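Following: one structure in structure tokens, then a few remarks.
Keep in mind the model is a prediction, meaning the values are calculated, not measured. All values below come from the heavy atoms of this structure, side chains included, with hydrogens, waters and symmetry mates left out.
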Amino acid sequence: MSIIVQKFGGTSVADTEKIKHVADVVMHERNLGNDVVVVVSAMGHTTDHLVKLAKEISDTPPSRELDMLLSTGEGISIALLAMALQTAGCNAVSMNAMQVGIITENIHNKARIVDIKTDKLKKHLKEGKVVVVAGFQGVTEDGEITTLGRGGSDTSAVALAAALEAERCDIYTDVEGVYTTDPRIVPNASRLEEVSYEEMLELARVGANVLHPRAVETAKQFKVPLRVRSSFKLENKGTLIVGVDDMELHKPVTGVAADLTQLRIVVCDVPDTPGHAAKIFTKLSEANISVDMIIQSYARKIENTNDIAFTIDKGDLDKTLKTLDELKSEIKASRFQVDDNIAKVSIVGAGMIDRPGIAASMFETLAKLGINIKMISTSEIKVSCLVDENDAKRALVALHETYGLGCDEVAEVKGTLPEEELN
Ligand code: ADP
Ligand code: ASP
Ligand code: MG
């Protein structure tokens, strides 16, 4: 028998009626003769609600206790789905990360999975049960509860599929697949039949939160066939994530995305001598702070000094300022400037390789709108521009248009835009 891993996101298990519907979908796969492992997220906006509760207690909740709190959301969904399956006559068992043995690094709030024990899972499957596993959570070797970062249930599902050598991992969500951009922002976004692991990874990293970046990384590494499809329109086949060699590239750009989760820090007036960048970024990495875009400008406000600007996740601001303060006299910086009204807009496409002028056409599109570019970064298949947060939506819509990504239909969306996202 083949093993299929199915993952259902928060909207798909938002209430008990939807959970009963998920049970039907699971049983349909089971009736096709497959062994099924199901990964579920917390119901609806449960995780957001739990974060809000924590913030009511403290602006900076202790990371260990935050994981204890957030991991409870998925615990509710697994029990309810296993109940729904059993009530419908399907043999099923729920398991949390500790019971399975989803082992992560000893880091809270964004831990990476390092190992998954499969013995108990396989035993249950052998006994004919559907196994319902809690997404998003893990456990360290010492038995500490961790979480994988927001949206991390996708990664739980793909990692389980890799560990079990599953035939396929299906990510069921509230849209019909991966689109050329977020259909909540650009309603005529087109669904992609296929997208390569490489492009999907870039898209996920630059803000297309339909898939968690580490889920795509893991799928690529272990060659897990991955499909994104709708929980509600089962007749539609969604989007297949495939190797780039299997694709024909018609357009230079496959998708566009905006990311509002970062802020920019400028370390001002650092002496223009070797070693300062090394000191700053070594200390930041030791504090487990991920830095994205970096630019060093020759400011000349003070002779022979530079400004070093970089972007980080908004959630890492306090940790970053504390780290920089400890370094301030050593690196002789005059001050640190924080700019949190920024957005990163990006274009992604394997088709831009060897096609000159794609970055130029992006800058031209932004220039025509009078949008100022604060930072630029590129990879082989991506160009990102940092712009003012208030310009992000206009930029995204215009870039989608520039690269001819729209279609005549309007995508059906179930989810709503959270306040902190682009609107
Ligand atoms: P789930 O709860 O199922 O994990 P998410 O909210 O994490 O769902 O991801 C699905 C949402 O991702 C969609 O509702 C959609 O608005 C948003 N999204 C952002 N970018 C894209 C994209 N390029 N293609 C499809 N959906 C996208
Ligand atoms: N429940 C977690 C979140 O909302 C994980 C997930 O849904 O993937 O981020
Ligand atoms: Mg998600």
Side-chain angles (χ1 to χ4, degrees), residues 7 9-10 39-43 45-78 95-117 133-160 163 204-205 209 211-218 259 261-263 265 281-292 311-326 418 420:
K7 180 258 168 177
V39 174
V40 278
S41 295
M43 293 170 73
H45 296 292
T46 300
T47 313
D48 292 334
H49 176 64
L50 294 172
V51 170
K52 190 164 164 279
L53 288 181
K55 291 267 163 81
E56 281 170 20
I57 302 273
S58 157
D59 285 341
T60 50
S63 54
R64 177 187 184 277
E65 304 311 329
L66 190 62
D67 276 350
M68 290 295 276
L69 178 69
L70 299 193
S71 64
T72 61
E74 273 67 14
I76 297 172
S77 327
I78 52 167
M95 294 181 89
N96 63 23
M98 193 178 284
Q99 289 168 311
V100 173
I102 300 180
I103 312 297
T104 71
E105 309 165 315
N106 194 6
I107 289 172
H108 287 290
N109 308 160
K110 49 180 174 188
R112 281 174 171 269
I113 296 174
V114 291
D115 188 24
I116 294 188
K117 315 275 184 225
V133 180
F136 181 53
Q137 47 176 261
V139 61
T140 67
E141 290 286 5
D142 298 337
E144 288 293 311
I145 301 295
T146 55
T147 60
L148 311 180
R150 296 305 306 269
S153 295
D154 298 333
T155 301
S156 311
V158 176
L160 278 161
R205 281 182 180 149
N209 55 13
L211 278 178
H212 194 237
R214 284 210 302 282
V216 189
E217 237 170 60
T218 310
D259 181 0
T261 63
Q262 296 191 347
L263 53 75
I265 297 192
F281 294 108
T282 304
K283 275 275 182 240
L284 291 175
S285 79
E286 282 168 4
N288 201 27
I289 297 161
S290 305
V291 172
D292 182 20
T311 61
I312 53 160
D313 283 345
K314 283 184 174 157
D316 283 337
L317 178 62
D318 290 340
K319 229 177 6 169
T320 305
L321 288 179
K322 188 167 168 276
T323 308
L324 289 175
D325 268 334
E326 286 164 10
E420 68 276 11

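Counting heavy atoms from C-beta outward, Lys117 and Asp115 have side chains that approach closer than 4.5 Å. Contact annotation: the side chain of Thr104 never approaches that of Val114 to less than 4.5 Å [non-hydrogen atoms, C-beta and beyond]. Counting heavy atoms from C-beta on, the side chains of Ser156 and Leu148 come closer than 4.5 Å. In this structure, the side chains of Asn96 and Gln137 come closer than 4.5 Å at one or more pairs of heavy atoms. For the pair Thr140 and Ile103, the minimum side-chain heavy-atom distance is 4.5 Å or more.
The OG1 atom of Thr47 lies 5.0 Å from the CD atom of Glu74; values are rounded to the nearest 0.5 Å. Considering CD of Glu141 and CG of Asn106, their distance stands at 10.0 Å, rounded to 0.5 Å.
Counting only distance, with no hydrogens or angles, the side chain of Asp67 and the backbone of His108 share no donor-acceptor pair below 3.5 Å. With hydrogens and angles disregarded, a donor-acceptor distance shorter than 3.5 Å links the side chain of Thr320 to the backbone of Asp316. Without hydrogens or angle criteria, Thr72 side chain to Leu69 main chain gives a donor-acceptor distance under 3.5 Å. Arg150 contributes no side-chain N or O that, together with a main-chain N or O of Asn109, makes up a donor-acceptor pair within less than 3.5 Å. Of the possible donor and acceptor atoms, one in the side chain of Lys319 sits under 3.5 Å from a partner among the backbone N and O of Ala287.
Looking at residues two or more places apart in sequence or on another chain, you find a side chain to side chain donor-acceptor pair (under 3.5 Å) between Thr311 and Gln262.
With respect to His212, the side chain to side chain donor-acceptor pair (under 3.5 Å) criterion is satisfied by exactly one of Thr155, Thr218, Asp154: Thr155. Each of Val139, Ile113, Thr146 was scored for a side-chain contact (heavy atoms from CB on, under 4.5 Å) with Ile102, with one residue passing: Ile113.
In this structure, Met98 places its CE atom where more than 12 heavy-atom neighbours from other residues, nucleotides or ligands lie under 6.0 Å away.
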Under the salt bridge (charged side-chain N to carboxylate O under 4.0 Å, His left out) criterion, do Glu105 and Lys110 qualify, and how do the steps go?
-> CA-CA 9 Å; Glu105 309 165 315; Lys110 49 180 174 188; over 6 Å; no
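The heavy-atom pair separating Ile116 from Ala163 by the smallest distance is CB-CB, 4.0 Å.
Under 3.5 Å, the side chains of Thr261 and Asp259 contain a donor-acceptor pair of N or O atoms.
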